[in-house]
Enquirer: 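One structure coming up, written as structure tokens, with questions to follow.
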There are 2 protein chains.
Amino acid sequence: MTTTTSPEAAARLVGDGADCCEPQPGTAPLEAEPAAELAAKFKALGDANRLLLLAMIASGESAEACVCDLTGPLGLGQPTVSHHLKILVDAGFLTREKRGTWSYYSVVPGALSELCAELCKESALGGLMDAPSCD
Amino acid sequence: MTTTTSPEAAARLVGDGADCCEPQPGTAPLEAEPAAELAAKFKALGDANRLLLLAMIASGESAEACVCDLTGPLGLGQPTVSHHLKILVDAGFLTREKRGTWSYYSVVPGALSELCAELCKESALGGLMDAPSCD
DNA sequence: TCAATATATCGACGAATGTCAATCTAGCAG
DNA sequence: CTGCTAGATTGACATTCGTCGATATATTGA
């Protein structure tokens, strides 16, 4: 703002009157739109019951399960499980196939790994991924 | 849930009176506790502004930034940015170092990749990660 | 056709979340 | 010591979220 120059700004400007809070346009390498999409996916994973649902579905032999198989172990009501499953479907982690009276939910194969990959590619977040993760 | 056997249950039991919704203990490979921890981290990433904050901090030369550098580009108030940064710190994605008047936030190097790795290791979710993700 | 069942949808309610204005706490400069 | 500034904390508010009960839809079986 006026006098107390931040160390960083001082290092760049050496001057005095410049404050440390300039907009610095173009600095953020991650745009708002992809950030929102990424956040939506993370938000879908940001619930313990949904993670458990994913794990339970994936752990099955056929990697699919109907709602009635998932309601009991979680201790949640059927509408709630249906709701969570819908969120996971909307986020692209599950697919729903209706066979007869039952709805079979199965895992979208590369969804999670793709999310991981996006984390690495998208913007400077790649700098955070120095350790080998999924191999 | 008394008579109409679900296909899967029918395939396993062949009987008749068994319903499809038995608790099936020990079926879920992902326990509730680690699921909650994972969910907490995902929840921290489930906000576009927080992802942008992470990206902005990581993109800097020194991979650190003070609050005043982050407030402007996001169009958020200072308390809000502080709040988001605290969430990211609590989740283990950022660290805070106070130098003089300024608080410098920097990225925890392996945090994101470790999260990716946990996704692969933890339980049957590994089955979802068939594509090479972070290399 | 009619009853039963699996699932989805709706409405409601309490809890959590994102945001801001106002205030509080510390360092720094004079 | 007295302002001034960077940042954290508090309180309030609207919105979203997770959950449930009740209901609607569709499919199977008699």
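Note on naming: letters A, B, ... go to the chains in the order of the sequence lines (proteins, then strands), and numbering restarts at 1 for each one.
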Enquirer: What is the nucleic acid contact for B:H84, judged by heavy atoms within less than 4.0 Å: base, sugar-phosphate only, or nothing?
Expert: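 Sugar-phosphate, backbone atoms only, no base.
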Enquirer: For the pair made of CG in A:L85 and P in C:dT9, what is the distance, rounded to whole Å?
Expert: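 Computing the A:L85:CG to C:dT9:P distance gives 12 Å.
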Enquirer: Would you mind telling me which of C:dT19, C:dT17, C:dA22 lies closest to the side-chain atoms of B:H83?
Expert: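 Given the options C:dT19, C:dT17, C:dA22, the side chain of B:H83 is closest to C:dT19.
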Enquirer: With a non-hydrogen cut-off below 4.0 angstrom, is A:R99 in contact with a base, only sugar-phosphate, or nothing?
Expert: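 Answer is nothing: A:R99 stays at 4.0 Å or more from every strand.
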Enquirer: When the distance from OH of B:Y104 to P of C:dA26 is rounded to whole Å, what number comes out?
Expert: 20 Å
Enquirer: Do the non-hydrogen side-chain atoms of A:V67 and A:Y105 ever get within less than 4.5 Å of each other?
Expert: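 They are in contact (side-chain heavy atoms under 4.5 Å apart), so the answer is yes.
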Enquirer: Over how many whole Å does the gap from B:L88 atom CG to C:dT17 atom P extend?
Expert: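 Rounded to whole Å, this separation is 14 Å.
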Enquirer: In whole Å, what is the span from the CG atom of B:L74 to the C1' atom of C:dT19?
Expert: 13 Å
Enquirer: Using whole Å, report how far CZ of B:R50 lies from P of C:dT17.
Expert: 9 Å
Enquirer: Hydrophobic clusters here meaning ILVMFWY residues chained together by side-chain heavy-atom distances under 4.5 Å, can you tell me if B:V81 and B:V89 are in one?
Expert: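 B:V81 and B:V89: one cluster.
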Enquirer: Given D:dG18, C:dC28, D:dT19, identify the nucleotide with an atom nearest to the side chain of B:T101.
Expert: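 Nearest listed nucleotide: C:dC28.
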Enquirer: Look up atom CD1 in A:I57 and atom CG in A:L52, then write down how far apart they are to the nearest 0.5 Å.
Expert: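 Answer rounded to 0.5 Å: 11.0 Å.
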Enquirer: Side chain of A:L76 only, heavy atoms from C-beta on: which candidate in C:dT9, C:dT17, D:dT19 is closest?
Expert: D:dT19
Enquirer: The side chain of B:P79 is closest to which nucleotide in this list: D:dT10, C:dG18, D:dG7?
Expert: D:dT10
Enquirer: Over how many whole Å does the gap from A:W102 atom CH2 to D:dT25 atom C1' extend?
Expert: 16 Å
Enquirer: Within this structure, what is the CG-to-P distance between A:N49 and D:dC17, rounded to whole angstrom?
Expert: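 One finds 16 Å between P of D:dC17 and CG of A:N49, rounded.
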Enquirer: On DNA chain D, nearest-nucleotide positions of B:S103 versus A:K43: which is more 5'?
Expert: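 The residue closer to the strand's 5' end, by nearest nucleotide, is B:S103.
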Enquirer: Look up atom CZ in B:R99 and atom CD in B:E64, then write down how far apart they are to the nearest 0.5 Å.
Expert: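 The CZ atom of B:R99 sits 4.5 Å away from the CD atom of B:E64.
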Enquirer: Starting at atom NZ of B:K86, determine the distance to atom P of C:dT19, rounded to an integer number of angstrom.
Expert: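 Roughly 17 Å, once rounded to whole Å.
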Enquirer: Given that B:T80 and A:D47 both sit by DNA chain D, which one's nearest nucleotide is further toward the 5' end?
Expert: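 The residue whose closest nucleotide sits nearer the 5' end is B:T80.
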Enquirer: Can you find a pair of side-chain heavy atoms, one from A:L76 and one from A:T71, that are under 4.5 Å apart?
Expert: no
